[in-house]
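These notes concern the structure reproduced below.
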Amino acid sequence: MRISKMLFVTKKEEPADAEVRSHALMVRAGFIQQIAAGIYVYGPLMWRVLRKVEEIVREEHDKAGCQEMLMPALQPRELWEESGRWERYVSEKILYHFEDGRGREVCLGPTHEEVITNFVKGKLNSYKQLPQTLYQIQTKFRDEMRPRFGLMRGREFVMKDAYSFDADAEGMAASYAKMRQVYRNIFSRCGLRFTPVEADAGAIGGSGSEEFMVDAETGEDAIAVCHATGYAANTEKAVSRIAAPPEPAAEVAMHKEPTPGAKSCDDLVALFPDLPVERMLKTILYRATWADREQTVAVMCRGDREINTIKVLNHLDALAVDLADEKLVKQATGANVGFAGPIGLSDDVLLLADSSVEGVKGFLCGGNETDTHYLDVWFGRDLEQPLTKDFGMVQAGDQTVDGEGTIEITRGIEVGHIFQLGTKYSESMDCRFSDENGKLQPFQMGCFGIGISRTAASAVEQGHDEGGMIWPLPIAPYHVMLIQMRAGDEAQEALGQELHDQLTAAGIEVLWDDRKMGAGGKFKDADLVGIPLRVVVGRDAADRKVEWKPRTGGETEVIAADDVLGRIQAALEEAGCA
RNA sequence: CGGGGUGUACCUCAGUGGUAGAGGGGUAGCUUUGGGAGCUACCAGUCGCGGGUUCGAAUCCCGCCACCCCGACCA
């Protein structure tokens, strides 16, 4: 394709509102344009990238026996009432919903468990038809509270979602394991560095779940990894083993200490320099919300640790667990914020503790009285140890639970998430099949998502330099950038055309910069757009010589025009997209 | 939804009460031609919207809207 005939518009200046490189570069290069918060136009080059990602996704799914289909984005309220998710999605303000012209309520699908479950109902009737996995690639709509980072978190985005149907839990686990491999293949083929991690299932529900994280500093998720043991988990879910707390020198009776203004552990460390922070126990207050009630919950943990509210939420099986506001803290503790403790809390407060408090002797904790803490407190002696469970957040330097390795915290972009749903939707929507004994059973379902547009953006987040984007060859908008130095030069024009035609005939996608403009601008644009392979037709065109100049790495090399095709084919093969 | 910020040309921005600006961009011409080249001329704005104060408002005040950033959800 000749650039001179294309809508190819780049900007010299960065957009003012782009926070991350992928966003800024894609806007500068004209790949995307924002039209509202979290809503983007995909330009011709972007669309080529998205189609390449989609094609890899399709091929891998089809190879694994999955069947592609397409479900509607527009969905009736009734379907969501059946699964019981309407209320929750509406109250969490995720769902785009409105009345149609006849006063019926509809929504734009944020996900498709309801539609697919409804679709297979009455079609998959027998265990003999199982297992099956169906998928689609489609635009999803979610009214994100905070869209950001360009395509990373949009309100409208392209997603691949797949759903598996099995007769029993073993079957579901097998379907899940198969998809796990499909996902590894997909992200590998896209040329991305990624880490599969154990994950929390969140609002989708179900048992096991894993996320696929593209390694990137700017990722929104923190992940705990251990290179020695191969452990990898989202910090929402991650577990670890921590060092035992230091023992007190002597057993002293519990007593109150004045601690004016000491609201945080830092303040207390300053006040009690001889007391290790591991022997200061924090008590954090939360408000837990269920569909029909609320409850104030206090969770204790060691001073050097943090609470993981997702673990608390899962333990309580609540809809939400939020940090208590000042008013609630005063009501529960009778004190200002910063002095909550386990002793003398209001009776209606549920007290829990993270396992980090186990074995802590002679500790300091809040006094439930402004400017007061208790010192030298012992569980068993001064109060009973509350229900203790892992409610903690892993920290860099923790041991893995098996004690075989050390955890470090890195960041990633969640591009895929796979779930074992179990019977959550098949039960609620009464979607069943007949088993070997003729008994009706709900399907064991799995669901599997890939953010197509996010995957594309994450490739840029992972591949860029000061000059611009660096696309992995398998998903680059074109395979090769053919730069013709001077428009109008006869030898260059002829060789450019010859190469373009030859490569195109060989199935290679060529972006041919034949524009009448200075060399500087062409090179800058080539760097910005980031086509990984580059051929320059310039002053040696009459001798049938060109420059081989990949986007990154390596010196510029003068090669014979006749060798270009071979070079490109070798590069394609090496990148696994031959 | 809470807290903070910004809205001026297609883009990036300057402009603190007195005739709306610069750079980039686009168009035309001449010169140039290996890392965003030079000159000339031209194009381009209801200063987010509504109200108010004032002889006079981009500028001051009030309201609204949009976008961005920081916190709770998710691909």
Side-chain angles (χ1 to χ4, degrees), chain A residues 9-20 23-24 27-28 30 33-39 53 57 88-89 91-95 110-111 137-162 183 199-204 209 211-214 220-221 234 236 286-287 289 309-310 313 319-323 325 413-419 447-458 467-468 483-489 492 515-528 536-540 547 549 556:
Chain A
V9 182
T10 59
K11 295 249 177 275
K12 280 188 187 172
E13 274 156 321
E14 299 243 319
D17 51 9
E19 277 295 301
V20 296
H23 186 196
V27 171
R28 255 191 76 199
Q33 186 201 22
Q34 185 181 89
I35 61 165
I39 306 178
V53 176
V57 166
R88 177 163 183 186
Y89 272 61
S91 71
E92 285 180 6
K93 301 199 167 150
I94 287 171
L95 200 63
T111 175
I137 295 173
Q138 193 223 31
T139 298
K140 294 282 188 279
F141 299 86
R142 290 184 194 172
D143 195 358
E144 289 285 342
M145 21 197 149
R146 191 141 109 81
R148 59 183 144 175
F149 301 153
L151 298 189
M152 290 296 177
R153 181 175 297 277
R155 295 192 289 168
E156 176 178 332
F157 57 96
V158 182
M159 179 170 163
K160 184 284 309 183
D161 46 325
Y183 273 44
D200 182 75
I204 304 279
S209 141
E211 291 166 330
F212 289 77
M213 297 287 188
V214 166
E220 292 186 83
D221 287 276
N234 193 311
E236 292 175 355
Y286 296 95
R287 193 190 59 231
T289 315
T309 50
I310 292 176
L313 181 134
L319 287 177
V321 170
D322 301 302
L323 208 54
D325 58 23
I413 301 163
E414 183 192 351
V415 291
H417 199 161
I418 59 179
F419 303 84
C447 83
F448 314 90
I450 290 179
I452 301 285
S453 38
R454 185 184 278 182
T455 300
S458 72
I483 303 179
Q484 182 184 328
M485 295 309 302
R486 292 188 63 165
D489 178 289
Q492 291 186 21
R515 289 174 300 174
K516 193 175 158 103
M517 63 181 274
K522 291 191 180 186
F523 285 124
K524 290 286 185 201
D525 275 347
D527 288 344
L528 176 61
V536 181
V537 175
R539 46 171 92 92
D540 300 328
E547 285 155 45
K549 198 178 175 128
T556 300

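Just so we're on the same page: letters track the sequence lines, and every chain starts at 1. None of the values given here were measured: they were computed from a predicted structure.
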Specify the separation, in whole Å, of atom [atom1] of [X] and atom [atom2] of [N].
X: Arg146(A); N: C67(B); atom1: CZ; atom2: P; value: 13 Å
X: Phe149(A); N: G71(B); atom1: CZ; atom2: C1'; value: 13 Å
X: Lys12(A); N: A22(B); atom1: NZ; atom2: P; value: 18 Å
X: Met152(A); N: C69(B); atom1: CE; atom2: C1'; value: 17 Å
X: Glu236(A); N: C73(B); atom1: CD; atom2: C1'; value: 9 Å
X: Asn234(A); N: C73(B); atom1: CG; atom2: C1'; value: 13 Å
X: His417(A); N: C73(B); atom1: NE2; atom2: C1'; value: 13 Å
X: Ile483(A); N: G36(B); atom1: CD1; atom2: C1'; value: 13 Å

Could you let me know what [N] is paired to, Watson-Crick or G-U wobble, both distances under 3.5 Å, or none if it's on its own?
N: C47(B); value: none
N: C67(B); value: G5(B)
N: U19(B); value: none
N: C73(B); value: none
N: U40(B); value: A28(B)

Between C68(B) and Arg148(A), is there an OP1 or OP2 to side-chain N/O distance shorter than 4.0 Å? no
Contact pattern, 5' to 3', of nucleotides 27-35 of chain B - B, S or - by protein heavy atom under 4.0 Å: ------BBB
Any protein N or O atoms within reach of nucleotides 3-7 of chain B? Criterion: under 3.5 Å, listing atom names and distances.
none

Can you tell me, in whole Å, how much space there is between the [atom1] of [N] and that of [M]?
N: C43(B); M: C10(B); atom1: P; result: 15 Å
N: A9(B); M: C47(B); atom1: P; result: 10 Å
N: C42(B); M: G4(B); atom1: P; result: 47 Å
N: U32(B); M: C68(B); atom1: C1'; result: 42 Å
N: G29(B); M: A66(B); atom1: C1'; result: 42 Å
N: C49(B); M: A57(B); atom1: P; result: 15 Å
N: G50(B); M: A58(B); atom1: C1'; result: 16 Å
N: U8(B); M: U59(B); atom1: C1'; result: 11 Å

Need one value for [X]: base, sugar-phosphate or nothing, where a base atom within 4.0 Å counts as base even if backbone is also close, heavy atoms only.
X: Gly154(A); value: base
X: Glu19(A); value: sugar-phosphate
X: Ile452(A); value: nothing
X: Asp221(A); value: base
X: Asp161(A); value: nothing

Kindly determine whether Val158(A) and Ile137(A) satisfy side-chain contact (heavy atoms from CB on, under 4.5 Å), including the steps that lead there. CA-CA 7 Å; Val158(A) 182; Ile137(A) 295 173; 3.9 Å; yes
Report yes if the side chains of [X] and [Y] come closer than 4.5 Å at any heavy-atom pair, otherwise no.
X: Arg454(A); Y: Ile452(A); answer: no
X: Leu95(A); Y: Pro110(A); answer: yes
X: Met152(A); Y: His23(A); answer: no
X: Met517(A); Y: Lys522(A); answer: yes
X: Ile483(A); Y: Val537(A); answer: no
X: Leu528(A); Y: Arg28(A); answer: yes

Once you round to the nearest 0.5 Å, how far does CZ of Phe523(A) lie from CE of Met485(A)?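 CE of Met485(A) is found 4.0 Å from CZ of Phe523(A).
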Test Asp143(A) against Ile94(A) for side-chain contact (heavy atoms from CB on, under 4.5 Å), laying out the working first. CA-CA 5 Å; Asp143(A) 195 358; Ile94(A) 287 171; 5.7 Å; no
For Phe448(A), is the NZ or CZ atom of Lys160(A) found under 6.0 angstrom from the centre of its six-membered ring and inside 45 degrees of the ring axis?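 Verdict for Phe448(A): no cation-pi partner in Lys160(A).
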If the threshold is 4.0 Å, N to carboxylate O, is there a salt bridge linking [X] and [Y]?
X: Glu220(A); Y: Arg148(A); result: yes
X: Asp489(A); Y: Arg539(A); result: no
X: Asp322(A); Y: Arg287(A); result: yes
X: Glu144(A); Y: Arg153(A); result: yes

Which nucleotide sits closest to the side chain of [X]: [options]?
X: Arg454(A); options: C67(B), A75(B), C70(B); answer: A75(B)
X: Arg28(A); options: C69(B), C73(B), G36(B); answer: G36(B)
X: Gln34(A); options: A72(B), C68(B), A75(B); answer: C68(B)

With no angle test and no hydrogens, is the base of C74(B) tied to the side chain of Arg153(A) by a donor-acceptor pair under 3.5 Å? yes
For side-chain contact (heavy atoms from CB on, under 4.5 Å), just list the numbers for Thr111(A) and Tyr89(A), CA-CA rounded to whole Å, side-chain angles, deciding distance to a tenth of an Å, and then say yes or no. CA-CA 11 Å; Thr111(A) 175; Tyr89(A) 272 61; 4.3 Å; yes
Between the protein and nucleotides 9-11 of chain B, which nitrogen or oxygen pairs are less than 3.5 angstrom apart?
none

5′-ward residue of the pair Thr10(A)/Glu220(A) relative to RNA chain B: Thr10(A)
